[in-house]
Amino acid sequence: MKFATKAIHAGQEPDPTTGAVMTPIYQTSTYWQKSPGDHKGFEYSRGTNPTRVALEACMAALENANHGLAFSSGMGATDAVMKLLAPGDEVITGNDLYGGSYRIFTKVYAKYGIKFHFIDLSKPENILPYINDKTKLVWIETPTNPTMQIVDIEGVGKITKERNLLLAVDNTFASPYLQSPMDLGADIVMHSVTKYIAGHSDVIMGALLVNDAQLYKNLWFIYNACGATPGPQDAFLVLRGIKTLHLRMKAHCENGATVAHFLKKHPRVDKIYWPGFEDHPNHDIAKKQMRDFGGMVSFTLKDADLQDTFKVAASFKVFTLAESLGGVESLINHPVSMTHGSIPKEEREKVGVTDNLLRLSVGVEDIEDLIADLEQALK
Ligand SMILES: *Cc1c(COP(=O)(O)O)cnc(C)c1O
């Protein structure tokens, strides 16, 4: 089956008791057993719930993976991957990461004796000098948040395969519609489902998708033992949102490209970060591993200090000033004071997260209204 068909049907059969076409919200914590141990495959909803199982199968299908696990947030999913590690293990990751990932690595897991190397991942071979016999995991995000750097997943995957390291890819910014890390050598795909997959800014959820049966078993153990699993209402909302993922992504990409080209020519814009431009440093890799360039566009304001940037950020009428991304509505975010506040100033400025940087999540509204809003706000 192809993408759109999977988005609408994978994991979902008409309900066996009633024929309901939409998977019901199985709002139950526990399940009847005929005699001890004799049940229909469901015992307690922390571990398994039919609404969640349907969603997990659907997300796995979209990522070309064998198994899916839904978590109560993207960070819950990341946390489960970290729990595969033991004190002394080392992780290689990028120097431009989602702020919450940087925070859990440095403030939570560093404390438990796990060592993180935050490096420039613009070339796969950059990881080589950091690999030693303690290295267990390479964690990459591409495109990166917020400066839209591109990491060559296949290139990194070749290195991790040869050395028996786990490769995890945070695929949140691309969504499964634009990029399939499993086909490029990833062992684990992680999503903040909150963003494009759910798509309507009304749910917090995360996911892990894997192929290897033993890895799935290990992660399922952590999922059930630690318990960051989402409830059936949220699983239902995502099952509903996911049915239009392909339609939304097409519109996000189209509007994103128009906004990026508009900003590139605007006299008040200095730098612009969008992987669709030919002069983007890893444009060729983006073209190779992504089906389109997505709806995320970041830019800096020319000769603007923090005050000027705040003024622009607060003068939008259609774009909403808010954290998050990937919903149908357009959002504007000031990374330094909002999503990336947990990263120290020297660290973030090294990768271009400066006071005058703004990040857009371009939604699926009429493009004329979005351009007019950018025009008036930049004035
Ligand atoms: C939002 C986000 C996360 C964290 O997900 P939550 O659902 O907010 O916990 C992780 N990675 C990226 C790239 C994100 O944008």
Side-chain angles (χ1 to χ4, degrees), residues 55 59 63 68-83 91 93-109 116 118 121 139-151 153 168-179 181 186 188-209 223 226-231 234-235 237-238 241-242 249 252 256 273 275 290 294-298 322-327 331-335 338-343 348 351 353 357 359-363:
L55 172 63
M59 292 193 290
E63 280 291 3
L69 292 166
F71 289 83
S72 52
S73 69
M75 293 321 301
T78 302
D79 182 61
V81 176
M82 292 303 129
K83 285 175 175 146
V91 179
T93 186
N95 60 5
D96 183 35
L97 278 186
Y98 173 68
S101 306
Y102 181 83
R103 180 173 56 196
I104 196 172
F105 294 167
T106 57
K107 299 270 167 68
V108 180
Y109 282 97
F116 294 88
F118 298 94
L121 288 174
W139 179 278
I140 65 183
E141 197 180 306
T142 180
T144 66
N145 178 7
T147 60
M148 307 302 291
Q149 293 172 37
I150 300 292
V151 182
I153 302 171
V169 178
D170 180 340
N171 204 27
T172 301
F173 262 43
S175 88
Y177 180 74
L178 294 182
Q179 180 169 280
I188 302 173
V189 172
M190 175 266 166
H191 274 285
S192 170
V193 174
T194 313
K195 316 293 169 53
Y196 285 111
I197 293 182
H200 296 74
S201 304
D202 51 9
V203 178
I204 298 284
M205 195 186 289
L208 298 176
L209 300 316
Y223 156 104
C226 302
T229 54
D234 284 354
L237 282 171
V238 177
I242 214 167
M249 290 313 296
H252 283 296
Y273 302 99
M290 298 175 74
M296 298 302 298
V297 182
S298 300
E323 293 194 9
S324 199
L325 62 111
L331 301 180
I332 180 158
N333 167 54
H334 182 248
M338 296 163 72
T339 44
H340 289 62
S342 53
I343 303 178
R348 60 175 155 77
V351 290
V353 183
L357 179 75
R359 186 191 79 185
L360 302 176
S361 170
V362 181

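Just so you know, ligand 1 is whichever comes first in the structure, and atom 1 is the first atom listed for that ligand.
Near Glu141, with a cut-off below 4.0 Å to any heavy atom, the atoms of ligand 1 are 13 (C). Taking every non-hydrogen atom of Asp170 and a distance limit under 4.0 Å, the qualifying atoms of ligand 1 come out as 10 (C), 11 (N), 12 (C), 13 (C). Atom numbering of ligand 1 starts at 1 in the shown order; those under 4.0 Å from a heavy atom of Leu325 are 15 (O). The atoms of ligand 1 that sit less than 4.0 Å from any heavy atom of Met205 are 7 (O).
Summarising the contacts of atom 15 (O) of ligand 1 with His191, Met75, Met190, Lys195, the nearest heavy atom is found in Lys195. Of the candidates Ser192, Gly99, Ala174, Pro146, it is Ser192 that places a heavy atom closest to atom 5 (O) of ligand 1.
Checked by distance only, ligand 1 and Phe173 stay at 3.5 Å or farther apart across all their nitrogen or oxygen atoms. No N or O atom of Ile204 sits closer than 3.5 Å to an N or O atom of ligand 1.
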Check step by step if side chain to side chain contact (heavy atoms under 4.5 Å, CB included) holds for Leu325 and His252.
-> CA-CA 11 Å; Leu325 62 111; His252 283 296; over 6 Å; no

Check step by step if side chain to side chain contact (heavy atoms under 4.5 Å, CB included) holds for Phe116 and Tyr109.
-> CA-CA 9 Å; Phe116 294 88; Tyr109 282 97; 3.9 Å; yes

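Atom CG of Leu357 sits about 8.5 Å away from atom NE2 of His340, to the nearest 0.5 Å. The CG atom of Leu97 sits 12.0 Å away from atom CD1 of Ile104, with the distance rounded to the nearest 0.5 Å.
Residues Met190 and Gly74 come closest through the heavy atom pair CE-O, 3.3 Å. In this structure, Asp96 and Met148 approach most closely via the heavy-atom pair OD2-N, 4.4 Å.
Nearest non-hydrogen protein atom to atom 10 (C) of ligand 1 is Tyr98 CD2, 3.4 Å.
Neither the backbone nor the side chain of Val193 has any atom closer than 4.0 Å to an atom of ligand 1 (non-hydrogen atoms only).
Geometrically, Lys195 engages Tyr98 in a cation-pi contact defined by less than 6.0 Å to the ring centre and at most 45° from the axis.
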